[in-house]
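First comes the structure, then the notes that go with it.
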Amino acid sequence: MNPEKLLNELNEVQRQAVVHTEGPLMIIAGAGSGKTRVLTYRIAWLMLHNIDPFNILALTFTNKAAREMKERIAQVVGASEAKNLWMGTFHSIFARLLRVDGHLLGYPSNFTIYDTDDSEKLIAQIVKERNLDKDIYKPKKILNRISNLKNNLIIPQYYDRFPELFEYDEAAKIPEFKNVYSAYVERCFKAGAMDFDDILLKTNELLGTFPEILAKYQDRFRYILVDEYQDTNHSQYIIVKALANKFENICVVGDDAQSIYAFRGANIRNILSFQKDYPDCKIFKLEQNYRSTQNIVKAANSLIAKNRDQLKKEVWTANEPGEKITIYKALDEAEEAQYIAERIMEWHLSRQMDFSNFAILYRTNAQSRALEEVLRRKNIPYRIFGGTSFYQRKEVKDMLAYLRLAVNPNDEEALRRVINYPARGIGQTTLDKLTILADRYNTTLWSICENALLYSRDLGSAIAQKVSDFATMIKGFGVMAKKESAWDVAEHIFKTSGLLRALKEDSTEEGISRLGNVQELLNSIKAFNDKQLELEADNDISLDYFLQEIALLTSADQDDKTDPNRVSLMTLHLAKGLEFPVVFIPGMEEELFPSAMMMNSRADLEEERRLFYVGITRAKKKLYLTFTHMRTRYGRTADCEPSRFLEEIDDEYTELIVPGIRTTGPTFLGGVPNLDGLGISRPYKSNFISSKQTLPPNFPPGIRPLQPSETPAQKLNSPSEPPPQGEFTTDAHPGDRVYHQKFGYGKVLSVEGTGVNKKASVAFDQVGEKKLLLQYAKLIKVTS
DNA sequence: ACCGTGGACGTTTTT
DNA sequence: CGTCCACGGT
Ligand SMILES: Nc1ncnc2c1ncn2[C@@H]1O[C@H](COP(=O)(O)OP(=O)(O)OP(=O)(O)O)[C@@H](O)[C@H]1O
């Protein structure tokens, strides 16, 4: 392909960024400004100018993004060349590197990758062995701290250099933390395992310790590109810096306004220090948004302007104004889901838009349940990304544990998981004995199992035999795994380990589905086999390689071969980098979004706001924001307040829809008895759902459930005067005389806030001054 | 050693 | 509400 043709699809700044191939380069790109396109074309451009793809390293946020970029590049330069690019996530690229050179650090090339579950279990085990209180040394908390430390390259040996770390531990009542950390690191090492953070940490260790290795990769990766640079952590930053140090052909692309992974160590400062690290770097700013309508872009701008910490950017678009953003108030999560499903069907039917045009983006995975239920009921095909993935199911993990053991029997977590599943008479007591023996002889659990017969005195000869038999079986699997294909090994293991038999025994519905899940895993191994043989040059169909691949799948990597015509459901985090014509963001409520955990500091709140910004800017044509009146959480329903973020969007770009009660006749306002607080639930819902008729946009909601703060005394405190005739209003002005169903008559003193959070201070004749959210208050303006 | 049940706890987000 | 773990009975 002619290089010039490539450039025609770019604007001036994009073009400059693509052709500026040498030296450090930073692209600060607004949402939807085509940074992915620049990155893609830049790589194609390099290749068209005879840069060897083997010398190009491109780090993306998901494997899927890498795959898509590769496909696009393949269209330009041909698939056989594009295949040779080093392109993938930090984790998958550097795991690959560690497979080759990790032996220098004492790791086997087939090291296991521990997932969060494995890590937490190991920590729990260590805490137990050390007789520490598991309620204080919570595995989640401990792992989180370890992860933080690793991402900042603070290994246990360095811990002593930072007295403030000990101070923190003392204050947090976990004085033993450092020892737990050390033990964790040691146990992982002995198990031949790395956790997610180790992949980056050990890469740093490798590059930092062995100059010849560093030189090797510096020479290999002459051109380095990093996508989503705002979400790289310190460990990643140091790797990139080291690799780029020789040629300085480094190009990073990012948007500080889309930094949403601080919780896992991402550091916006990496963007800021780029200029310091490379004083002669070139910086390009992309500010024209090609993705969204004017309304969406301007709404997003008005929101993000509320953040104090940000680089200055003017994102604009030449696109049409488009529709306003719809803000909808729902009764509860079921009705919210129903509203969304109805809108999807409406668009689908009236404009022949297939279901892949829609995305529902939520703050927490738990929100997907209510949505799924309604979508399923309405026969709307959907796909959920992330959440509890297939590979996290118990039965699947059990099967995987056997496979892992076949490849690396030192994998302690896998061993613990299946040594007695299915039951073979090796119970907790035995396991504890084995653990003690391993500790006593300073060896691994596996090594004790392997030589169990030598420990008959400690274990009892019957038990020792059972353990030995188990070890023999695993060794057999290991021998097979070295010679045969992943699929052959997996099938053999499934049949002979006893797993198949155990699953078959359970004929409950649950049990059948579990068997099905393991079958599905086997199918995916078969598919992997076939794919490797057909498409990949290396022909690697080993079990080893299969396990590597799946360990580093990201939530976004789900295969999209099976019927792509589906609505996408995912968290806002996972939606980064994607785009959809129509986007729904449900759960726009205080405590949920922003999350209650993120409301306590400015930095946290600003990250939530950026997350919302990311969500808004995923939409191309139309955006719906919905919030509910009440929501079930932990099985208990609670009242909700609209998210503060809703009022932070300039209301010029939004329209609020609040459905009301459809009633017949003129008796409604005066004649319907007030059931508030009497413990009688009015048949509100049926009314609600059938009331799709024309109502004024600001029609107030009907019944408000009892607020927790309402005491019985208050409930009985009804106004003595009769209610006036007139319509509910959500608007009020100082000086207005108003009527409230519970508090009676009063005078508006002042009004604050806007949109759904508009509040009025009212001096009531009977109960004194109250602050009311106008959205809920059901005030009636009295003409007098 | 195994299996059932009750109570505690948890949801923020992910490689 | 659902999951995980500890405990206790078999
Ligand atoms: N020069 C251009 N002309 C027309 N359309 C473009 C141009 N550049 C990018 N686009 C389109 O704009 C949309 C957004 O591009 P892209 O996904 O690359 O943006 P982005 O900067 O990665 O967005 P974000 O940071 O929000 O994820 C895409 O649909 C892309 O095809």
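Hydrogens, waters and symmetry mates are skipped; everything else that's a heavy atom, side chains included, is used. Quick note on labels: first sequence line is chain A, next is B, and so on, each numbered from 1.
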### Task
Take A:Arg369 and A:Glu372 through the salt bridge (charged side-chain N to carboxylate O under 4.0 Å, His left out) test and state the conclusion after the steps.
CA-CA 5 Å; A:Arg369 271 228 168 80; A:Glu372 279 178 77; 5.9 Å; no
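Electrostatic pairing of A:Arg633 and A:Glu589 does not count as a salt bridge here, judged by no charged N lying under 4.0 Å from a carboxylate O. Between A:Arg416 and A:Glu412 there is a salt bridge, since a side-chain N of the basic residue sits under 4.0 Å from a carboxylate O of the acidic one.
Across all strands shown, A:Asn420 has heavy atoms under 4.0 Å from sugar-phosphate atoms exclusively, and none from any base. Using a 4.0 Å heavy-atom cutoff across all strands shown, A:Phe593 reaches no nucleic acid atom at all. Counting non-hydrogen atoms under 4.0 angstrom, A:Leu611 reaches nothing in the nucleic acid. Contact annotation for A:Ser92: no contact, since no heavy-atom pair falls under 4.0 Å across all strands. Note on A:Thr116: a base of the nucleic acid sits closer than 4.0 angstrom, heavy atoms only. Here A:Ala423 lies in heavy-atom contact (under 4.0 Å) with sugar-phosphate atoms only. Nucleic acid contact class of A:Lys138 (heavy atoms, under 4.0 Å, all strands): sugar-phosphate only.
Here the separation of C:dA6 from B:dT11, taken at their C1' atoms, is 23 Å to the nearest Å. Here the separation of C:dC5 from B:dT12, taken at their C1' atoms, is 24 Å to the nearest Å.
Between A:Gln428 atom CD and C:dG8 atom C1' the separation is 16 Å, expressed in whole Å. Put simply, CZ on A:Arg631 is 17 Å from P on C:dC1, counting in whole angstrom units. Remark: P of C:dT3 and CD of A:Glu395 are 12 Å apart, rounded to the nearest angstrom.
A:Glu336 and A:Thr628 share no donor-acceptor pair across their side chains, judged by distance under 3.5 Å alone. With hydrogens and angles left out, the side-chain atoms of A:Ser92 and A:Asn63 include a donor and acceptor closer than 3.5 Å. No side-chain N or O of A:Tyr613 forms a donor-acceptor pair with one of A:Asn307 less than 3.5 Å apart. In the model, A:Tyr184 has a side-chain atom that pairs as donor or acceptor with a side-chain atom of A:Asp195 under 3.5 Å.
Annotation: of the two residues near DNA chain B, A:Tyr634 and A:Ile463, the 5′-most nearest-nucleotide partner is A:Ile463. Nearer to the 5' terminus of DNA chain B, by closest-nucleotide assignment, is the contact made by A:Thr429 (compared with the other of A:Thr429 and A:Leu552).
With a heavy-atom cut-off of 4.0 Å to chain A, the contacted part of DNA chain B has its first and last nucleotide at B:dA1 to B:dT15.
Contacts with DNA chain B (heavy atom under 4.0 Å) in residues 119-128 of chain A: none are found.
Aromatic ring orientation, A:Phe593 versus A:Phe612: perpendicular (interplanar angle above 60°, classes split at 30° and 60°).
Judged by a 6.0 Å distance limit and a 45° cone about the ring axis, A:Arg264 is positioned over the six-membered ring of A:Tyr261.
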